[in-house]
Amino acid sequence: MAELFKNIYNQKFFDSFTDTLIQIKSNFDKKSFLNCIYDNKWENRELKQRMRHISIVLKNHLSENFDKNSDYILRLIHQLEKNGIKEDSIEFMFLPDFIELYGLENYNTSIKAFEQITQFTSCEFAVRPFIIRYEVEMIKQMNLWSKHKHPMVRRLATEGCRPRLPWAIAIPSLKNNPTPIISILEQLKNDKSESVRRSVANNLNDISKDNPNMVIKLVKSWQGKTKETDWLIKHACRTLLKQGNQEALKLFGFESVEKININNFKILTPKVKIGTFLEFTFELENTSSSTSKIRLEYGLYYQKANGTLSKKVFKISEKEYSKNSTTPIKRKQSFKLITTRKFYIGQHQLSIIINGEEFNKTNFELIE
């Protein structure tokens with residue numbers, strides 16, 4: 001069995017971390033720190049709960065002064081880097097969490113700390129309460145960060161202000177009106193760092209869920225400028241494309257399906273046992289006298305606990321189909337047990353989706 005990710009916090013890690021901290025704060029009480037870390041709730045804590053617990057215990061073993069503690073953390077990072085610990089070290093994300101937890105009333109010190117810490121481990125989660133509390137100041141600061149020489153600071157400028165960043169608190173004001181952060185995305189859309197450009201795309205994808213027209217307008221103005229920007233806007237529109245937004249589909253060349261037919265659609269496994277696969281097949285016929293660009297997907301309607309159905313879209317292909325052609329398609333969909341989805345027995349449905357238009361919705365049954 002694979003090791004649980006939360007177990008990155010183990011004895012080896014804490015020995016290394018505390019030994020480094022003692023180099024910064026000679027009177028640091030390693031024994032007391034470890035005793036407090038391994039309390040009677042430690043084993044049951046998940047990853048983010050462990051990060052928060054480490055932040056609290058660390059605070060209790062530093063000082064009561066936030067400015068002094070922030071300085072300890074920055075010096076600690078410098079020492080860790082001297083010791084060969086590389087940047088982007090996810091196990092140290094309790095350091096920005098520390099700033100989030102104890103620095104909200106100390107804006108200036110916290111912002112200076114974020115700028116340094118994010119060059120070592122990402123601060124994208126930790127800055128969000130600051131955006132909610134100090135939105136005007138933080139948007140101004142993130143515009144400044146978008147011009148920073150270090151790519152991880154530039155990435156923080158766009159990743160930190162995503163309206164719907166996964167596993168983080170949402171920013172309601174930016175979900176409602178993302179206009180204040182558009183200048184940040186404009187600044188970074190041609191960034192030389194791929195991770196920064198990807199973050200811009202993810203931010204736009206967030207925006208598209210609440211303000212699709214704003215994203216479509218931006219896409220139109222950015223399209224066709226560079227290969228990198230064209231990739232960015234396509235990735236940014238992935239939710240709109242899955243939703244079958246016709247304006248977004250047309251922007252990427254997915255036009256009418258009037259001359260596209262689905263023939264011989266069959267569900268090969270009308271009764272699917274949990275732990276096995278749904279199998280289906282069909283033929284895609286292009287009756288046009290010219291090549292057709294097709295985004296081909298299928299919709300799976302999972303039964304929920306209350307008996308209603310919930311649709312999830314899966315992509316089959318995105319390519320050009322030759323004129324007057326017939327293409328056989330066969331696919332499998334797993335119903336193996338996974339931690340991120342609970343299956344309910346009973347009637348489910350399957351459909352085929354061509355350029356956002358849905359066809360051939362058919363029932364199948366999930367059984368024990």
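Computed from a predicted structure; not experimentally measured. Sequence positions, counted from 1, serve as the residue numbers for this chain.
- Think of Ile353 as one node in a network of Ile, Leu, Val, Met, Phe, Trp and Tyr side chains linked at under 4.5 Å; its network also takes in Val313.
- Grouped with Leu309 in one hydrophobic cluster are Tyr301, the linkage being side-chain heavy-atom contacts under 4.5 Å among Ile, Leu, Val, Met, Phe, Trp and Tyr residues.
- Within the structure, salt bridge (Lys or Arg N to Asp or Glu O under 4.0 Å) pairs that include any residue of residues 165-193 comprise Arg154-Asp191, Glu186-Lys189 (at least two apart or interchain).
- A salt bridge between Arg50 and Glu46 is absent, with no side-chain N of the basic residue lying under 4.0 Å from a carboxylate O of the acidic one.
- Applying the salt bridge (Lys or Arg N to Asp or Glu O under 4.0 Å) rule to pairs touching residues 108-130 yields Glu124-Arg155, sequence neighbours excluded.
- Shown here for Thr18 and Phe33, the closest heavy-atom pair between the two residues is CG2-CD2, 3.5 Å.
- Side-chain contact annotation: Asn360 with Thr362, donor-acceptor N/O pair under 3.5 Å absent.
- Using a 4.5 Å cut-off on side-chain heavy atoms (C-beta onward), Glu100 and Leu104 make no contact.
- A cation-pi geometry, defined here as NZ or CZ lying under 6.0 Å from the six-membered ring centre and within 45° of its normal, holds between Lys59 and Tyr102.
- Between Gln333 and Phe314, some side-chain heavy-atom pair lies under the 4.5 Å cut-off.
- His61 is listed as a side-chain neighbour of Cys36, based on a closest heavy-atom distance under 4.5 Å.
- Listed by chain and number, the residues in a side chain to side chain donor-acceptor pair (under 3.5 Å) with Lys234 are Glu318 (sequence neighbours excluded).
- We find that Lys315 and Glu297 are not joined by a salt bridge, their nearest charged nitrogen and carboxylate oxygen being 4.0 Å or further apart.
- Applying the salt bridge (Lys or Arg N to Asp or Glu O under 4.0 Å) test to pairs two or more places apart or on separate chains, none has a residue in residues 275-286.
- Taking 4.5 Å as the limit, every side-chain heavy atom of Thr269 sits out of range of all side-chain heavy atoms of Phe277.
- Side chains of His150 and Thr118 form no contact here, defined as non-hydrogen atoms less than 4.5 Å apart.
- With sequence neighbours excluded, the residues that form a side-chain contact (heavy atoms from CB on, under 4.5 Å) with Phe343 are Ile274, Tyr302, Phe335, Leu337, Arg341, Leu366.
- Electrostatic pairing of Lys48 and Asp97 does not count as a salt bridge here, judged by no charged N lying under 4.0 Å from a carboxylate O.
- Applying the ring pair (Phe, Tyr, Trp, His ring centres under 6.0 Å) rule to pairs touching residues 123-149 yields Tyr107-Tyr134, Phe114-Phe130, sequence neighbours excluded.
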Side-chain donor-acceptor distances from residues 159-171 under 3.5 Å, at least two apart:
from	atom 1	to	atom 2	distance (Å)
Glu159	OE1	Ser199	OG	2.5
Glu159	OE2	Arg162	NH1	3.0
Arg162	NE	Asp206	OD2	3.0
Arg162	NH2	Asp206	OD1	3.1
Arg164	NE	Asp210	OD2	2.8
Arg164	NH2	Asp210	OD1	2.9

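- For the pair Ile345 and Ile367, the minimum side-chain heavy-atom distance is 4.5 Å or more.
- With sequence neighbours excluded, the residues forming a side-chain contact (heavy atoms from CB on, under 4.5 Å) with Gln23 are Thr20, Gln79, Asn83, listed by chain and number.
- Using the six-membered ring where Trp is involved, His235 and Trp231 have ring planes that are parallel, under 30° apart on the 30 and 60° scheme.
- Side-chain contact between Leu185 and Ile207: present, with at least one pair of heavy atoms (C-beta onward) separated by less than 4.5 Å.
- Every pair passing salt bridge (Lys or Arg N to Asp or Glu O under 4.0 Å) that includes a residue from residues 238-251 is listed here, sequence neighbours excluded: Lys220-Glu247.
- Looking at Asn27 and Lys25, their side chains do bring a donor and an acceptor atom within 3.5 Å of each other.
- At a threshold of 4.5 Å between non-hydrogen side-chain atoms, the residues Phe17 and Phe13 count as touching.
- Remark: the Thr308 side chain and the Asn306 side chain contain an N/O donor-acceptor pair separated by less than 3.5 Å.
- The shortest non-hydrogen separation linking Ser208 to Ala236 is OG-O, 4.3 Å.
- Note on residues 320-329: pairs passing side-chain hydrogen bond (donor to acceptor under 3.5 Å, both in side chains), not counting sequence neighbours, are Ser317-Tyr321.
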